[in-house]
Every structure is written in C-alpha cells, then in structure tokens.
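Here is the structure we will look at, set down as structure tokens.
Below, chains carry the letters A, B, ... as their sequence lines are ordered, and counting in each starts from 1. These numbers come from a predicted model, not from an experiment.
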Number of protein chains: 2
Amino acid sequence: MNLLITEDDPLHRAFLKTAVENALPECDQLYEAENGAAAVEIVKSETIDGIFMDLQMPKSNGVDAAKEIWRCFPEMRILFWSNYADEAYVRGVARIVPSGAVYGYLLKSASEERLAFAARGIFVQDQCIIDREVRGVQQRSENTLEGLTDAEFEVLTDISLGMTDKAISARRKISTRGVQSRLKHLYEKLGLNRSVTHSDIGPVFNSRTRALTVALSRGLLNVDGLASYEMELEDWLAKK
Amino acid sequence: MNLLITEDDPLHRAFLKTAVENALPECDQLYEAENGAAAVEIVKSETIDGIFMDLQMPKSNGVDAAKEIWRCFPEMRILFWSNYADEAYVRGVARIVPSGAVYGYLLKSASEERLAFAARGIFVQDQCIIDREVRGVQQRSENTLEGLTDAEFEVLTDISLGMTDKAISARRKISTRGVQSRLKHLYEKLGLNRSVTHSDIGPVFNSRTRALTVALSRGLLNVDGLASYEMELEDWLAKK
DNA sequence: GCTTCCATTGCGGAAACCCGCAGGCGGAAC
DNA sequence: GTTCCGCCTGCGGGTTTCCGCAATGGAAGC
C-alpha cells in the first residue's frame, strides 16, 4: 500500500509520518508533498492508494487539490486533516466528495490514538470516519434551523466576493429581486435584524458588510474559501 | 532566567521547548501556556523575564495578550512567532509596542538556527530582531505609496465591522462626507476603481464589500484582527 | 510670502441597496 | 385534494452609498 502525506508544516508532517508508520505497518511507500499542486503531481505519476490531506496550506488549498484528484481518481481515499471545524471547510469538502468515495475528516487536535483508528478505518476497512465535532457542524448545517440553505449560502459567497445584486442575479439566473430576497433571509439567520441601532446615530450597521463580518467570525466563511470562490467567479466572468 | 512559551499547538510547543533548551542554557525555568489568557495569568503570578508568543491562537489572540502584559510590565521582552507576515498582524503588533520595549517578530518557517539567533538576541542582548520578510511588510506600510495612511486603515477597519457611514462619522468625529472621502481614497489604493465592469451587467463589484475581500486576501486584515476591533467597537458603543 | 499637497466639508444627483406587500410556482405532508 | 412551506417575482418607495465639483484650512517646503 502506498500513501501520500500532503502537509505544509514540516513539524506536522514529521509527526504524521511516524504516526502512520506505527499505525499502518502494511504501508509500503510513504510519499510526501508540501502543497496541493505537488500532491496532484505525485498522484498522477505514482500509484497512490490513499492520501492524508491538510486543508490549510499556503496557495492551492486542500479542497482544490482534492477536487482535482477526485476528478481523475474518483475512488481515491482521502483523510482530511484540519485545524478547525469551520463550516466553510466542512461544506467545502462535502460539496466535492464523489458519491461513494471513502473519506474522513479529522481535527489536528485529535489524539494519536484517534488518528490511528481513523487511518485504519479509511485505508484498510474502506469506511468513512468523521470527527465528532465536525459531524456536529455538518448536522447543524443540514437542518435548516440554525444553518443556511444552499441558496442563502450561495448568495453569501457572492457578496463575500463583493458582487453587486445585479451581477449576482446574472450569475445565478434569478431576478435582482430574488437576490434581495435571499439576502434578506440570510440577514435574518445571521441575526442582523435585531442588531444595534443607536438613538442618535440610527442603525449602526450596514447589513451587507456586517453579514461578512459575522459569517467570518462564526466560521461560515474563511479566507481560503474566498480564494477558491474567487477563482470560480473568474471562470464565470471569462465565459460570460 | 525564566521564560514563558505561549503556543496552542502542542507540536510547535514541544519543538520550541527543545529549541530553547538548546539555544539558551542560561534559562532556569521554562513555563508553558496554551492560550493568551493563561499566559497573562502566569506572567502576573510568576517572575518572567521573556516570552515566546504565538500570534494565531483560538480565542484571546497573541496581540491582545501582549497588550495586557505590556500594560503591566512595559519592559517585558516578547518574541512574536507567527505563521504569516500579514500586514494586519505586523500593524497590530507595531501599534502596541511600548516605546523602548525589546521585541522580535519571527516567522514559523524560520530555521532553528534563525530561531536560536533571535532568541539570544532578544533575551540575552536586549536587541530587537525582526524577520526580514516582516521587515519588508513594515516598510511597505510605512511609506505611503503602496500602503494606506492611518486614516484609510481606520476606515477600513470600520467598514470591516460593518458600520454605516453615519456611525463611522460619529465614532471618528468627522462628517459623513469625510468618511466617504476616506473611503474613496481607500478604494483607489486597493485598485477597485479600475476593476471589472461587464458590458451587459454593468459594474460587477460593490466597492464597499469588495474592499473587504481584497483587504482580507492581501493580508491587510485578518479574522483575529476583526475580533479585537469588534471589542473596541463595543466599548465605544457602551460609552456612547 | 507663496506654493503644493493633503484631509476635510457641503451640495447635489445617480445609482445601488433594503424591504413590505401581494402574488405565483412546485414539492412535501396530511 | 388540500394545505403548507420555501423560493422566486414585480411594484413602489425610503434609505444609503458613491462620487464629481468647488472651497476651506493646515502643514511642509521653496
């Protein structure tokens, strides 16, 4: 069995390496990549059976790399390994998993024991292993109470790129009024309607930008995510 | 000599610990804290001569902790140790350094050798040691060409919190027109004026929110910074 | 003193944004 | 079938934001 570790931080890489050597003696060859692009190359040139993938990496983040890898090898088993259980990451990963693919999502704070268990579960027994806290985020984002619908999340990513209503309506093929309607619901769910309005000054917050702040601080969005949304937007602009 | 390591990631903490033991044999006691609040407590209860401070930590980031520590011990020597040379961090640190204090700013990608050199420089020889790349950011933000003036940066933080023009004008004690003037200059420096405008759709971007995206992706702002600006804003709102 | 540069201010208007109301559509549940 | 419910749409209008133009005042430099 050949595995690949994709992780930019040399310390974490070394830790992961020894952990894997202990947990998976059946691993013959252990490749390493320090960014997403390098990982993609190795997967294409070598024979890889499974991947450890860090999500936070400078340039070419883990999600993009995984998307490209799954495009070529839909069967590839990937264990994501992340600092945070941010909704942006969880959603980002969930969006690109091919149906039937085996994958896992583990936090870096997990013990070596948990890591070993997850690794064996995924790479040996072909089972999906999702960290408990991550699972919590997933569920919360599935039931509509606390979480946003896809439509609302979509419009959130669009305004996070700084698009105008009109541009969004063109991109998503709905009327500008539809965009505003989505926005209104988004604002409500983020709790902006009952936000501060000072007697002298009037409303203190501009909903549109405030939504961004709140989304960022709640982990609905993160800066890496923005970068990849930006690329999708550029593709669309080029085609239009 | 008693030193304190403030770092949430156990791996990095362990690495730092052995590195310090090698580089600074004159260190008697080596304390550890895994977040800013704990660090502040230790500094207040023990006798500490110098601190390694991680900047990215969940809750109570390094800048806030350092601010509080320097408020009580303006002589404290602090070596900041960060993943990124983001302008938001560099500016954040520079804003709170008491005049005459000894401090350093090192990237985590630095070699152990550089780390040892910096540690000796700061804690033994009382010299400020700033990483080269960080120094680059500092200079760029000092000369007005590429960087923003204080006024522009201030208004950037305000819109990043989602404030309206009127609220900003009240807070900064200038007219709303003044706010808009600052904003206009900010937009220019971020390059939003010559941005995409599509023939069918018209302007694709809303300057106000687009400014946020650009500032975030360029590292002028970051999410930790937002959290502490938010607290300042709440203080002001409470007083008002 | 004069000029230059910068930040600020008022005015005014075009555009963008926020939102209540009313209505239409399709899918899920009963 | 009926009833919900979420989502989209048009209309209308109130508010906010963006920005050009012109004028003021202060600081720095000749």
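- Summarising the geometry, the separation between NZ on B:K184 and C1' on D:dC21 is reported as 12 Å, rounded to the nearest angstrom.
- Rounded to whole Å, the distance from NE2 on B:H185 to C1' on C:dC5 is 11 Å.
- Taking the six-membered ring where the residue is Trp, the centroids of A:F52 and A:F123 are separated by under 6.0 Å.
- Where the helix from C:dG1-D:dC30 to C:dC30-D:dG1 starts and where it ends, the local axes point in directions that differ by 40°; five pairs per end, rounded to 10°.
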Heteroatom pairs (N/O) under 3.5 angstrom, protein to nucleotides 13-16 of chain D:
none

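- In B:E75, the CD atom is not crowded: 12 or fewer heavy atoms of neighbouring residues, nucleotides or ligands sit closer than 6.0 Å.
- As a whole-Å value, the separation of B:E154 CD from C:dA7 P is 13 Å.
- Atoms CZ (A:F205) and C1' (C:dC17) sit 18 Å apart, rounded to a whole Å.
- Look at CG on B:L192: it is 16 Å from P on D:dT17, rounded to the nearest Å.
- Scored by the side-chain contact (heavy atoms from CB on, under 4.5 Å) test, B:E154 finds B:R172, B:R182 as partners (sequence neighbours excluded).
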Quick tally for nucleotides 22-28 of chain C: nucleotides whose base has a protein heavy atom under 4.0 Å get B, sugar-phosphate-only ones S, the rest -, giving -------
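- Shown here are the salt bridge (Lys or Arg N to Asp or Glu O under 4.0 Å) partners of A:E68, two or more places apart in sequence or in another chain: A:K44, A:R71.
- Distances shown here put a side-chain N or O of A:R182 below 4.0 Å from the OP1 or OP2 atom of D:dC8.
- Residue pairs meeting the salt bridge (Lys or Arg N to Asp or Glu O under 4.0 Å) criterion with at least one member in residues 96-108 of chain A, sequence neighbours excluded: A:E7-A:K108, A:D54-A:K108.
- Listed by chain and number, the residues in a salt bridge (Lys or Arg N to Asp or Glu O under 4.0 Å) with A:D224 amount to none (sequence neighbours excluded).
- Here C:dA16 presents its P atom at 17 Å from CD1 of A:I159, a figure rounded to the nearest Å.
- Side-chain atoms of A:E152 lie closest to D:dC7 of the nucleotides D:dC7, D:dG10, C:dC19.
- Judged by distance alone, with hydrogens and angles left aside, A:Q180 brings no side-chain donor or acceptor close enough to the base of C:dC17 to form a pair under 3.5 Å.
- Proximity of B:S181 to the phosphate of D:dC19: no side-chain N or O atom is located under 4.0 Å from OP1 or OP2.
- Applying the side-chain contact (heavy atoms from CB on, under 4.5 Å) rule to B:T176 yields the partners B:K166, B:S169; only residues at least two apart in sequence or on another chain are considered.
- Among residues two or more places apart in sequence or in another chain, the side-chain contact (heavy atoms from CB on, under 4.5 Å) test is passed with B:D131 by B:L106, B:L107, B:A110, B:R114, B:V134.
- When the shell of 6.0 Å around CZ of A:F73 is examined, it contains more than 12 heavy atoms from other residues, nucleotides or ligands.
- With sequence neighbours left out, the side-chain contact (heavy atoms from CB on, under 4.5 Å) criterion links A:R120 to A:L24, A:P25, A:E26, A:V124.
- With sequence neighbours left out, the ring-ring contact (aromatic ring centres under 6.0 Å, His included) criterion links B:Y89 to no other residue.
- Rounded to an integer number of Å, the gap from CG of A:L186 to P of C:dC19 is 11 Å.
- At whole-Å resolution of the value, CG in B:L183 and C1' in D:dT17 are 9 Å apart.
- Applying the salt bridge (Lys or Arg N to Asp or Glu O under 4.0 Å) rule to A:D126 yields the partners A:R77; only residues at least two apart in sequence or on another chain are considered.
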